[in-house]
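Have a look at the structure below before the remarks.
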Amino acid sequence: MNSTIPGLKTCGTAVMAVVNVTPDSFSDGGSITSLDQAVATCAAHLKAGAHILDIGGQSTRPGAVEVGAAVEMERVVPLIRAIRRQLGSTPLLSIDTFWAHVAEAALQAGVNWVNDVSGGWQDPAMLPLVARWRCPYVTMHRRGNSRTMDHMAHYKDVVAEVEAALLQQTTMAQAAGVEPWQLIWDPGLGFAKTTEHNLAILHHLSRLSRHGYPLLVGPSRKRFIGEVLDQADPRQRVWGTAAAVCKAIAGGAAVVRIHDVAAMVQVAAMADALWCQQ
Ligand code: PMM
């Protein structure tokens with residue numbers, strides 16, 4: 001889909017590369033162990049065609065322990081500064097956090113977007129901060145938090161309930177002064193959702209895109225793909241991720257959040273040619 005998000009220079013679906021500087025993320029935890037290695041990984045993602053880098057210092061996998069804003073800041077701010085020093089001001093950067101303090105420090109260090117998996121529910125200071133900075137803001141759907149979400153995956157109609165929650169988050173954001181152009185919607189695949197729920201969301205994604213907010217979808221290497229493929233190792237879920245990325249693009253996704261950048265840049269370009277360029 002042609003993306004209308006400010007700063008994104010692509011006429012196709014944008015690829016957001018996951019950069020987790022956490023020892024325990026479910027799919028790539030612990031793979032980045034030094035600042036130099038992190039910057040080199042970012043440079044490689046950009047060279048492979050990523051349009052934006054999503055930097056996170058807190059694992060959100062089910063069961064993950066919250067490390068707190070101070071530890072998160074120690075993990076992400078030096079990396080953001082190093083990226084700006086070594087890779088320049090052009091790469092688009094996003095901070096994956098639900099704490100306003102972390103988001104503010106990251107914005108001051110040079111990130112362009114805030115990606116909030118709590119959709120503004122975790123920290124009351126987040127939405128006013130985003131309104132002040134006038135930056136793109138990903139409002140994601142989830143229920144509970146990493147400790148509780150697996151017990152909260154109960155829906156009568158998951159698509160309708162995610163849609164209603166995203167509308168509520170949008171109202172809440174706008175009440176805090178966030179403007180419509182800043183908002184990017186994310187259904188939150190894997191967050192308080194069973195495999196069946198994640199598949200239903202992908203099947204009916206176009207119901208979410210009709211509200212006019214760009215959609216970000218993050219299927220990459222997630223557990224539902226492992227369950228469909230009977231594949232326990234997240235690193236072996238690349239082909240399943242490719243299929244989910246195609247379905248997301250066919251359903252109107254403007255951004256896909258992924259780990260396997262070189263492969264998914266090609267998958268997204270081909271899916272764009274098949275579904276978005278008639
Ligand atoms: N998934 C994860 C983390 N952050 N942010 C958004 N907007 N959407 C997602 O689906 C999402 C996210 C969990 O995956 P990871 O541990 O591999 O980063």
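First listed ligand is number 1; within each ligand, the first listed atom is number 1.
- Taking every non-hydrogen atom of N20 and a distance limit under 4.0 Å, the qualifying atoms of ligand 1 come out as 15 (P), 16 (O), 17 (O), 18 (O).
- Counting heavy-atom neighbours within 6.0 Å of Q108 CD, excluding the residue itself, gives a total above 12.
- For ligand 1, the atoms lying closer than 4.0 Å to a non-hydrogen atom of V138 are 7 (N).
- Among the atoms of T60, none of the N or O lies under 3.5 angstrom from an N or O of ligand 1.
- Close contacts of ligand 1 with V117, meaning ligand atoms under 4.0 Å from a residue heavy atom, involve 4 (N), 5 (N), 12 (C).
- The contact set between ligand 1 and H259, taken as ligand atoms under 4.0 Å from a residue heavy atom, comprises 17 (O).
- The closest side-chain heavy-atom distance from H203 to V159 is not below 4.5 Å.
- Counting heavy atoms only, K222 comes closest to atom 10 (O) of ligand 1 of the residues Q58, M140, R257, K222.
- Between D186 and R257, none of the side-chain N atoms (NZ, or NE/NH1/NH2) sits under 4.0 Å from a carboxylate O, so this pair counts as no salt bridge.
- Within the structure, ligand 1 lacks R221 among the residues with a heavy atom less than 4.0 angstrom away.
- Relative ring orientation between Y155 and H197 is described as perpendicular, the plane-to-plane angle rising above 60° on a 0-90° scale split at 30° and 60°.
- Taking every non-hydrogen atom of D186 and a distance limit under 4.0 Å, the qualifying atoms of ligand 1 come out as 6 (C), 7 (N), 8 (N), 9 (C).
- Each of the atoms 18 (O) of ligand 1 lies under 4.0 Å from some heavy atom of V18.
- Ion pairing between K156 and E161 fails under the 4.0 Å rule for side-chain N and carboxylate O.
- Using a 4.0 Å cut-off between charged side-chain N and carboxylate O, E163 and R210 make a salt bridge.
- Short contacts between ligand 1 and N115, defined as distances under 4.0 Å to a heavy atom of the residue, involve ligand atoms 5 (N), 6 (C), 7 (N).
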